[in-house]
Each structure stands twice: as C-alpha cells, then as structure tokens.
J.: 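Can you read through this structure? Questions will come right after.
Proteins come first, then strands; the chains are lettered A, B, ... in the order of their sequence lines, and each starts at number 1. Keep in mind that this is a model prediction, so the values were computed, not measured.
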Protein chains: 2
Amino acid sequence: MKNSVTMRDIAERLGVSSVTVSKALNDKEGVSEELRTKIKMLAEELGYRFNAAAKSMKEGVTYNVGVIIPERFTGLSQSFYLKIYQAISKKLEEHGYYGMLYILDTEDEEQLNLPRIYYEQKVDGIILLGQISKDYIEKIQSVDIPKIFLDFYDEHSDVDTVITDNFYGAYEITNYLIKNGHRKIAYVGNIYSTSSIQDRFLGYFKSLLEHRIKLNEKFIINDRDERGKYIDIELPDELPTAFVCNCDQVAHNLVTKLKKLGYSVPDDFSVVGFDNDIYATITDPPLTTVEVDIEEMAKTAVQFIIGKIKNKHRKFGRVQIKGRIIYRDSVKNIETR
Amino acid sequence: MKNSVTMRDIAERLGVSSVTVSKALNDKEGVSEELRTKIKMLAEELGYRFNAAAKSMKEGVTYNVGVIIPERFTGLSQSFYLKIYQAISKKLEEHGYYGMLYILDTEDEEQLNLPRIYYEQKVDGIILLGQISKDYIEKIQSVDIPKIFLDFYDEHSDVDTVITDNFYGAYEITNYLIKNGHRKIAYVGNIYSTSSIQDRFLGYFKSLLEHRIKLNEKFIINDRDERGKYIDIELPDELPTAFVCNCDQVAHNLVTKLKKLGYSVPDDFSVVGFDNDIYATITDPPLTTVEVDIEEMAKTAVQFIIGKIKNKHRKFGRVQIKGRIIYRDSVKNIETR
DNA sequence: CTGAAAGCGCTTACAG
DNA sequence: CTGAAAGCGCTTACAG
C-alpha cells in the first residue's frame, strides 16, 4: 500500500497544505467551501483512501471493537451468533467503529490466554458474547479495557451486561398457555445448568404462582446432564397437558419423542420453546416460542461499549431486553374441554 | 489508551534506546541475550502491549484481512459461514494476521457500495465468501486490492478462487449409490440456478456415463424457481430407486414429502444430500451426504490471500477442495433385489 | 481562511 | 552490541 495516495499528494497537486486537506476531507471548519469542493473532487479522482492507521496512532485509539465468541458456540444451528454479530457490526459502523470477530478457541479459554487483539491493541473495547468459563471471566476482568458481557451474565462480577429477558419471556409464554386453558404445565430443562435455563424456569414459576397453580415437582423435567449433554427426556407418570421447554431444540426433541409414543402435538399436548431458532420452524408443527430481540440487544451493547470507550468510568449495570412471543401451531386451546 | 506503556517507557527505565527495545521484543538480532531478557521481563511487568497501529503506519500495512459475507447468507441454518470464518481467522492468526468479518448488507450490494474497511484501508486484502451479484463482482474487480473468492466462482473473471469440489463430490456419492445396486437414480435441483448445483449435476451425470446408465430427463427434478425459492418437488410418474439431492435441505424436504406419501426411507427410496449441514442430521433417517472440507478451504484461501498481499502479482487460479462422503442411514443396498 | 510545527509509537538503515 | 536520525500519514494547537 506504499503507493497509495495521501493527503499530502492531494495538497501538493493543489498547492495547499495537508492541514487544509485534512480539514476539508473531515468536514471541519477552516476551509472555504470552494477549496473544500476542489479537494474532495481531486481526492475522489485520485482514488484517495483514508489511512485509518495514521489516525489511530495519532489519537491512540483504533475504532475497532472486538467481539469475542467462545468456539463451542459456533457449532450447528447456532446462526444466532452470526446474526447478532451482524447487528453489532452494523451498529458499530453507524458510530464510525468496526467489529473484529474473534473466536476464542477452547484451548485458549482453558489456558486463560487473552486474545491477541488485546495484546496488540487492535481494539478499544471488547464485547464478550456467550457464556464463558468463570476463570476466564476473572482473567478478563483483571485487564483494564472497556468490556461488555452480552447474552450471559456472571453473578459475582459487576461488568456491564446486556441479556435477553429470560424471566419475563418464560413468564409471558406460560401465561399464554394458561390463557389457553392449561393448568397442568411442565417445565423442561436442567434448572441447575445455566443461568438462562434457571431464569426461564423462574419466569414459568411466577406465572404459576400468579395463577395459584401449585408447582408440581414431578413437572420439572430434566433435559441434560451436568455437562450440558442432552439426555433422553423422561416423562412423569401423571402427564401434564402442556410443556414449557427451555429452548427450541429441546422442544423439538420432546415433540419427536411424543410423536414416537403415538401422541399428537398440539392435540394431545401443547409444547412451547424459547429462542425462535431453526428448531422452531423445523419442528412439525412449528413451535410457538419466544423470539430474542437481536437488534435491540446489539444496539444496547454497542451503545454501552462506545460509552465506556469514551469514558472508561461509565457504568451501565445489567440490562434485560424483552423478547416477544411468536405464535405458531404447537399450542391448543383446551378451555372447552 | 494514551496512558499505555510504550517501548520508550521501557527504554528509559532501563537507560537504553527504544531501538534496542524494539529489537529485543521482536526477537531481532543486535541485542545481547542478557539485555533482551531484562527488557522482556520489564515489558511483562509493566503490562506493555504492542501498538499495532504504529507498526501499521510505519509499514503501510494493517495485517488485517477482510472477510466479506453477503447478508443473505447469515440467515437460518447457515452456520457454515461462521465455521468457515472461524477456520479462516485461526489460519490468519498463525500468519500474524487478523480477520475482520464484514457483512455486506443487501442495500450496499445493490448500490455497489464497497465496504468501508476498503475505503479506510483497514485491511490489506479481502476474502469474498459466498455468491455475490455480477455487478458487485465487477465493481470489486475494478479496485486494486488483493482478493480471493471463496466458495463460489464467476466464469467471466480471473480472480483467484477456492471452491469445494462439487463435481467430484456428486460424482463420488452417485458412484456409491450405484455400488449399492441403484440404477434408476434421479437428481434433484434446478440445474440452471447456481454454478454449484450445475456442477453437482454434472458429477452425477459423469457417474451415470461411466456406468453406462442412460440419463433419463424425467429424472432431473426441479427444486426451486429462478429466484431460488423452493418449490414443491414433483415426482416423476416412473419412480427412481434413489435420489441425489443438490443439498441437504432439499433432501430433507424430499424425505418429508416421501414420508407423507407413505413411503419409507431408505426402504423404498435411498436419498443422499450434499453439504453435511444441520439438515443432514435433523432428517430421519440421518442423511448420507458430502461434507465440505472447511479446514482445507480456509487454509488454502488464507495461503492465497497472504501470498497476494506479499506479492500482488501472484496468481493462484481456481482451486477445488475435495470433500468426503459421510455415511449415514439414508441409503439401502438393493443389489439382492 | 490557511499553514508550519510537533507528535502519535514504532522500525529501518546506517553509523559507531 | 547499541543507538541517533528519519519517516510512516495523519491531526491538534497555534500563529498569521
């Protein structure tokens, strides 16, 4: 790139100084409109491209924000992460920033290796996307760079965090089942596994409480072992009429199982999911579920990180972004039964 | 970041020059081992972080490579793109480079707006990932920056390209069907739609030719309209015993349809797909399919782009990366029939 | 409105 | 082995 056009080249051609060119191109005051136009036209003509590195060095900032995703979230069916990255980078661009997507591999996560984008000052701040190990959280906390947690949170830390409102989403969708006449409602998910599964459970529970429905312990159905691996879902002896699943994939598994047992959804059982990912539409019937508001999450995260880059002492706390229910065909109104 | 530690800080503390610090930290010769160790230790102690922007400016390069994906590929079930980005960025890192993922939105694609990472010299080269409009290809061709096309190609251009070997993959998987006794084999895909569907068709055709099986025109079954939208698959009057589908998603649709008609897979019909994406495992039975070698594609693309960054006149041509067949349960051996 | 000077943090080429 | 000087391309603060 040594051969590329600089402000100085433009300045020399026009017999002005590079200061003037800089002002003209950056729409700063102190240049006559006439000269500004001339400079801009010549820049265009010569194919001038701004040198971001020079500005970076001068200002001591990069205008890059790292978006870090642990490797294990890049597997099948996780297009959520690509979508949210897209939303983030679009928002960043509106503020004159760029996203650098960094996929943290499992080994580096275990060995607590910070990403090289940190060590080489490639970024002014970091958005951490997706649950990461406790130790890594601590490690990254020890480092003085603006950071945001997105889509997960850690109880022991006071990092500014943007998450989806799991509690409220599960609460709302359980309300919806109750409105459709269901009172025997099970929750499917290992409630000790992740904070989002737990919070969704609590939202479900609150809905029951509000409707004076007693929580039946046998209606809390496990879906995965302590290491997160899905296990075969065991149905209780006394069956509910509806299932609130902690995510669409588990709802999909459940529907498959119910069908194999000869049941029909939603005629015999209503089933709802969470996330509105591919499993929601691939299931037959398609699932009523809670959609995460990706746009809003990205927008908020970007707002926070830029706020912190500009003023490292700013605090935003933990913000929850509400999702919305997507109504499809997996719920039946049984009120008239 | 103005307050961060610089080489000069380290130099002053040690009473040496910053040149020496630079040499020591970069493992260049011209520093005694003793001094080098001292410098490295102090750097560590002070939490020195290298300033990539300064190096960039000095050398006129950024050590960033843009990976550009058109927006429409970030939808449901396309985790392929995140995976390949991951592989690319890992390979880049091995060479001291970084990936910048840039999602080109549909509007910018239509209006032929080049990404801002180009205009601001944020990257030294570009990997274009996923079929992009002809006009945009032309636009980006007009611009003098090292570039690689990945996972698609354009017949009229001579850009260096890395694609999966569609022809060979379809050829091999059709051979496999024939080895399992099938002779009436249909191909499912609109062969005028994309180059990969067409190439896969040709691989299928070659396999037929080699086995002296006549191509039956009725066995070429359309799956989408000219705008790429899936249409209902129409089965021919005389039915084949096996279907080669141009992708897993279409294979999934086909299996669903066959089941609705009361048929069983693979007992009544064998079905194979291509891509080995989520549809391959979500289908019941899971599909025998062709897996794309993401690692190898990424590695090759990175090798090419860095080669071109270092020497812009280097040419690599069009390289095809072979996939491999993943054997699952959607094919039945009917030889003994 | 216009521009000379200084500086951001590094590296290269050269001198000692 | 060590370092003074120059320069990468921009912007800021100031002078005219």
J.: Hunt down the Watson-Crick or G-U wobble partner of C:dA4, both distances under 3.5 Å, from any strand shown, or write none.
T.: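 Paired with no nucleotide.
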
J.: CG of A:L104 to CG of A:L129: how many Å apart, nearest 0.5 Å?
T.: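 Interatomic distance, A:L104 CG to A:L129 CG, rounded to 0.5 Å: 12.0 Å.
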
J.: Using whole Å, report how far OH of B:Y63 lies from C1' of C:dC10.
T.: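 B:Y63 atom OH is separated from C:dC10 atom C1' by 12 Å.
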
J.: Which nucleotide, if any, forms a Watson-Crick or G-U wobble pair with C:dA13, using both distances under 3.5 Å?
T.: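 Partner of C:dA13: none found under 3.5 Å.
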
J.: Rounding to a whole Å, what distance do you find between B:E59:CD and C:dC10:C1'?
T.: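 Whole-Å distance recorded here is 9 Å.
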
J.: Measuring to OP1 and OP2 of D:dG3, would you say a side-chain N or O of B:T20 lies under 4.0 angstrom away?
T.: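 For D:dG3, OP1 or OP2 has a side-chain N or O of B:T20 closer than 4.0 Å.
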
J.: So if I apply the salt bridge (charged side-chain N to carboxylate O under 4.0 Å, His left out) rule between A:R72 and each of A:E107, A:E109, A:E110, which one comes out positive?
T.: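 Answer after filtering A:E107, A:E109, A:E110: A:E109.
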
J.: Counting side-chain heavy atoms from C-beta on, which of D:dT12, D:dG9, C:dG9 comes nearest to A:T6?
T.: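 Nucleotide nearest to A:T6's side chain: D:dG9.
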
J.: Between atom NZ in A:K122 and atom C1' in C:dC10, what is the gap in whole Å?
T.: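 After rounding, the reported distance stands at 14 Å.
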
J.: Is any side-chain N or O of A:S22 closer than 4.0 Å to OP1 or OP2 of D:dT11?
T.: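 Affirmative; the distance criterion is met.
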
J.: Between C1' on D:dA13 and CD on A:E29, what's the gap in Å once rounded to a whole number?
T.: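 About 14 Å, once rounded to whole Å.
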
J.: From CZ of B:R8 over to C1' of D:dA5, roughly how many Å is that when rounded to an integer?
T.: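 Those two atoms, CZ and C1', are 13 Å apart.
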
J.: Would you say B:S18 reaches C:dG9's phosphate, i.e. side-chain N/O to OP1/OP2 under 4.0 Å?
T.: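 False: B:S18 side-chain N/O out of range (4.0 Å or more) of C:dG9 OP1/OP2.
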
J.: Map B:M57 and B:V31 onto DNA chain D by nearest heavy atom, then report which one ends up closer to the 5' terminus.
T.: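 Residue closer to the 5' terminus by nearest nucleotide: B:V31.
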
J.: Give a yes or no on whether a donor-acceptor pair under 3.5 Å exists between the nucleobase atoms of D:dG9, that is its base, and the side chain of B:K58.
T.: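 Not at all, since no donor on one side and acceptor on the other fall under 3.5 Å apart.
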
J.: When you check the phosphate oxygens OP1 and OP2 of C:dG9, does a side-chain N or O of B:Y48 lie under 4.0 Å from one of them?
T.: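 So the side chain of B:Y48 is outside the cut-off, no N or O lying under 4.0 Å from OP1 or OP2 of C:dG9.
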
J.: Can B:R314 and B:D160 be counted as an ion pair, charged N to O under 4.0 angstrom?
T.: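 No, no charged N to carboxylate O under 4.0 Å.
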
J.: Whole angstroms only, please: what is the NZ-C1' distance between A:K23 and C:dG3?
T.: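 It is 7 Å, rounded to the nearest whole Å.
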
J.: Side-chain N or O of B:N26 versus OP1/OP2 of C:dT11: is the shortest distance under 4.0 Å?
T.: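 Result: yes.
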
J.: Taking the minimum atom-to-atom distance to the side chain of B:S32, which one of C:dG3, D:dT2, C:dT11 wins?
T.: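 The nucleotide sitting nearest to the side chain is D:dT2.
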
J.: Check this for me, if you would: do B:D293 and B:K322 make a salt bridge, where the nitrogen-to-carboxylate-oxygen distance has to be below 4.0 angstrom?
T.: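 B:K322 and B:D293: not salt-bridged.
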
J.: Contact class for B:K28 (heavy atom, under 4.0 Å): base, sugar-phosphate, or nothing?
T.: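 Contact class for B:K28: sugar-phosphate only.
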
J.: To the nearest angstrom, how far is B:M7 atom CE from D:dT2 atom C1'?
T.: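 Interatomic distance, CE of B:M7 to C1' of D:dT2: 16 Å.
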
J.: May I have the step-by-step check of salt bridge (charged side-chain N to carboxylate O under 4.0 Å, His left out) for B:E71 and A:K90, ending in yes or no?
T.: CA-CA 11 Å; B:E71 184 178 26; A:K90 209 172 222 165; 3.4 Å; yes

J.: Could you state the atom-to-atom distance from CG of B:L35 to P of D:dC1 in whole Å?
T.: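 The answer, rounded to whole Å, is 10 Å.
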
